[in-house]
Amino acid sequence: MSGGRNLVRLGILLSGRGSNFLAIAESIRQGRLKGAEIDVVISNVPDAGGLKIAEELGLASKVFASTGRKRAEHDADMLTCLQAHKVDLVCLAGYMRLLSPDFIAAFPNRILNIHPSLLPAFPGLDAQRQAFDYGVNVAGCTVHFVDDHLDHGPIVLQRAIPVLDSDDAHSLSARILAEEHLAYTEGIGRVVSGEYAILGRRFVKRTH
Ligand code: GAR
């Protein structure tokens, strides 16, 4: 994705506390995620904690409240904003709303999501509790491209952790979240490097 010396411009979409967004921002600041910068943070929830983080970090942020709005119209507003900021790669960081087909088509294989399960297991809401209640021995998270189906596009990377006998859904979620923070930086880094190809559903490193 990085063609030369120019930084890949990230647009973050979120709906909540924004810990994954903060992890990405910290990775960039500390030099662990090279070749990228965050250009705008968009929330569909006016009081999302992530907006406060954006303000503290001095990053541009914008609210497009989605309640009561048609998805296509709401997403068109977000798209205009992302294009005005010349965003190359959209990173969903706890963005809890489906995206419209037109929005997804505007960023083909240039929207990433992080999901707190080992997909294709447990798509949708409350994935960590779904996994815990199902009784899995291994849980984790997935960084993947976004396509027209829920939690479905090509997988960039996954990180797995054991489910402990002492776990409850809360402690499991917390340990998955710690993995998410590492995984998202690594996944974005792989995409930003541009050293990959998507073969069918497979994300493979390109070697020279
Ligand atoms: C994270 O666990 C993320 O994986 C999940 O929401 C949480 C957001 O936390 N996303 C989804 O479930 C998307 N399907 P954060 O706001 O602290 O990053």
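All ligand and atom numbering here is 1-based and tracks the order in the structure. Source: prediction; values computed, not measured.
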Would Arg129 and Asp133 pass as an ion pair if we require N to O under 4.0 Å?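 Answer for the salt bridge query: yes.
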
Answer yes when Glu186 and Arg190 have at least one side-chain N-carboxylate O distance shorter than 4.0 Å, and no when they do not.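 Yes, this pair counts.
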
For residues 87-97, which side-chain N or O atoms pair as donor and acceptor with protein atoms under 3.5 Å away, sequence neighbours left out?
residue, atom, partner, partner atom, Å
Asp88, OD2, Arg9, N, 2.7
Arg97, NH1, His74, ND1, 3.3
Arg97, NH2, Arg69, O, 3.2

Any chance you could lay out the salt bridge (charged side-chain N to carboxylate O under 4.0 Å, His left out) test for Glu56 and Lys52, step after step, and finish with the verdict? CA-CA 6 Å; Glu56 284 163 8; Lys52 186 108 183 63; 3.7 Å; yes

Using a 3.5 Å cut-off on N/O to N/O, what pairs does ligand 1 make with the protein? A line per pair would be great.
residue, atom, partner, partner atom, Å
ligand 1, 2 (O), Glu180, OE1, 3.2
ligand 1, 2 (O), Glu180, OE2, 2.9
ligand 1, 4 (O), Ile114, O, 3.4
ligand 1, 4 (O), Glu180, OE1, 2.6
ligand 1, 4 (O), Glu180, OE2, 3.4
ligand 1, 9 (O), Arg17, NE, 3.4
ligand 1, 9 (O), Arg17, NH2, 3.3
ligand 1, 14 (N), His115, ND1, 3.1
ligand 1, 16 (O), Gly18, N, 2.9
ligand 1, 17 (O), Arg17, NE, 2.5
ligand 1, 17 (O), Ser19, N, 2.9
ligand 1, 17 (O), Ser19, OG, 2.5
ligand 1, 18 (O), Ser19, N, 3.4
ligand 1, 18 (O), Asn20, N, 2.9
ligand 1, 18 (O), Asn20, ND2, 2.9

Report yes or no: do Ser171 and Asp168 form a side-chain donor-acceptor pair below 3.5 Å?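 Yes, a side-chain donor-acceptor pair sits under 3.5 Å.
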
Within 6.0 Å of CG in Leu199, more than 12 heavy atoms from elsewhere: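 Yes.
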
